[in-house]
Amino acid sequence: MPYRRTPAVQARLDAQRAAVVEAGLALLAEHGYAGCTMAAVAARAGIATGSVYRHFPSKAELSVELFRTVVRREVAAVSEAAALATHRTAADRTVAVIETFAGRALKAPRLAYALLAEPVDPAVDAERLVFRRAFRDVFADRIAAGVRSGELPPQDPALTASALVGAVAEALLGPLTDGAPGPGTVPALVTFTLRALGVPDAVHAADRTRAHGPEHGHGHGHGHA
């Protein structure tokens, strides 16, 4: 008969796998993918290197799991921010996504750079396309709702959303790599977003949003919601 793990053994393995992932995430935030060697992750998790390989047969597979974990946390954070009852318009909800993602990224630049642009294994690079689509969908849902309600002018929600994802990623790369984001980075992204959505008088609308809107998850480290 094939060996069947007892619930206690399975629980121990699940806990060990979770510890490996958390150790990898900590190293990713500190050193990027280059620092996430199997030996380093094992040392951080307090287990033998062979035990890491039991859960992830290669560094590429571990890196993909780390990337997916960070993306899940980021999508959850921006979705939660956009769903706050204080956001009464589609523009407010879209801005909440921008402010939350950008704010978290600038608070944890090494992790954000790993998410957006660090040279990686092709398997992780493929996950970046999934990540962009996930954020596109978060934007597109809010934009489509705004178009249906008449809050926003007619437009292709998926196209506008894709453009916003690309623009935000590109705009953040400079501040993330030079280590000196200016205080105007996020406000400028908000103004750009409102203009892209077709909000009239976007500059004044951005000022009103900043004056009346709550902080959108800036206090959480990027990837650690």
Side-chain angles (χ1 to χ4, degrees), residues 5 10 12-79 97-98 100-102 104-141 158-159 161-179 220-225:
R5 292 172 180 161
Q10 187 61 53
R12 189 163 60 248
L13 288 172
D14 290 345
Q16 187 179 74
R17 187 182 190 280
V20 168
V21 171
E22 288 303 318
L25 290 172
L27 288 170
L28 186 63
E30 295 168 10
H31 308 293
Y33 289 106
C36 292
T37 65
M38 302 298 263
V41 170
R44 178 64 66 94
I47 61 177
T49 303
S51 296
V52 177
Y53 280 101
R54 177 185 298 175
H55 300 285
F56 300 99
S58 68
K59 180 184 175 182
E61 291 184 54
L62 174 60
S63 295
V64 165
E65 180 61 23
L66 296 180
F67 188 93
R68 288 174 176 169
T69 301
V70 173
V71 168
R72 283 195 298 269
R73 293 180 180 183
E74 294 309 306
V75 171
V78 299
S79 298
V97 175
I98 293 284
T100 302
F101 181 76
R104 288 164 64 88
L106 295 175
K107 283 184 177 296
R110 193 65 191 82
L111 185 58
Y113 179 71
L115 189 68
L116 294 171
E118 181 180 352
V120 289
D121 183 276
V124 178
D125 222 19
E127 289 295 317
R128 283 204 174 112
L129 295 176
V130 179
F131 153 69
R132 284 177 175 262
R133 290 189 197 106
F135 271 85
R136 176 203 64 194
D137 291 346
V138 171
F139 281 124
D141 288 347
L159 181 62
S162 295
L164 284 174
V165 170
V168 171
E170 188 65 27
L172 288 176
L173 283 183
L176 290 174
T177 53
D178 65 24
H220 300 294
H222 189 93
H224 298 279

Hey, are Ser51 and Arg54 close enough side-chain-wise for a donor-acceptor pair under 3.5 Å? no
CG of Leu25 to CG of Leu111: how many Å apart, nearest 0.5 Å? 7.5 Å
Please report the interatomic distance OH(Tyr113) to CG(Leu173), rounded to the nearest 0.5 Å. 7.5 Å
Would you say the side chain of Leu66 lies within less than 4.5 Å of the side chain of Leu62, judging by non-hydrogen atoms? yes
Side chains of Phe139 and Ile98, heavy atoms from C-beta outward: is any pair under 4.5 Å? yes
Quick one: side-chain hydrogen bond (donor to acceptor under 3.5 Å, both in side chains) partners of [X], sequence neighbours excluded?
| X | value |
| --- | --- |
| Arg68 | Glu127 |
| Arg12 | none |
| Asp14 | Gln10 |

The criterion is salt bridge (Lys or Arg N to Asp or Glu O under 4.0 Å); which residues satisfy it with [X], sequence neighbours excluded?
| X | value |
| --- | --- |
| Glu61 | none |
| Glu30 | Arg44 |
| Arg110 | Glu118 |
| Arg128 | Asp125 |

Non-hydrogen atoms of [X] and [Y] that approach each other most closely:
| X | Y | value |
| --- | --- | --- |
| Arg136 | Ser162 | CD-OG, 3.1 Å |
| Phe56 | Met38 | O-CE, 3.1 Å |
| Leu13 | His55 | O-CE1, 3.2 Å |
| Val75 | Ser79 | O-OG, 2.8 Å |
| Leu27 | Gly35 | CD1-O, 4.0 Å |
| Cys36 | Gly24 | SG-O, 3.6 Å |

Would you say the side-chain atoms of Thr177 pair up with the backbone N or O of Gly174, donor to acceptor, closer than 3.5 Å? yes
Pairs satisfying salt bridge (charged side-chain N to carboxylate O under 4.0 Å, His left out), at least one member in residues 167-176, at least two apart: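 Found none.
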With sequence neighbours left out, write down each residue that passes side chain to side chain contact (heavy atoms under 4.5 Å, CB included) with [X], or none if nothing qualifies.
| X | result |
| --- | --- |
| Ala45 | Ala23, Ile47 |
| Ala15 | none |
| Ser63 | Tyr33, Lys59, Val124 |

Using the test ring-ring contact (aromatic ring centres under 6.0 Å, His included), find all partners of Phe135 that sit at least two apart in sequence or belong to another chain.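 Phe135 satisfies ring-ring contact (aromatic ring centres under 6.0 Å, His included) with Phe101, Phe131 only.
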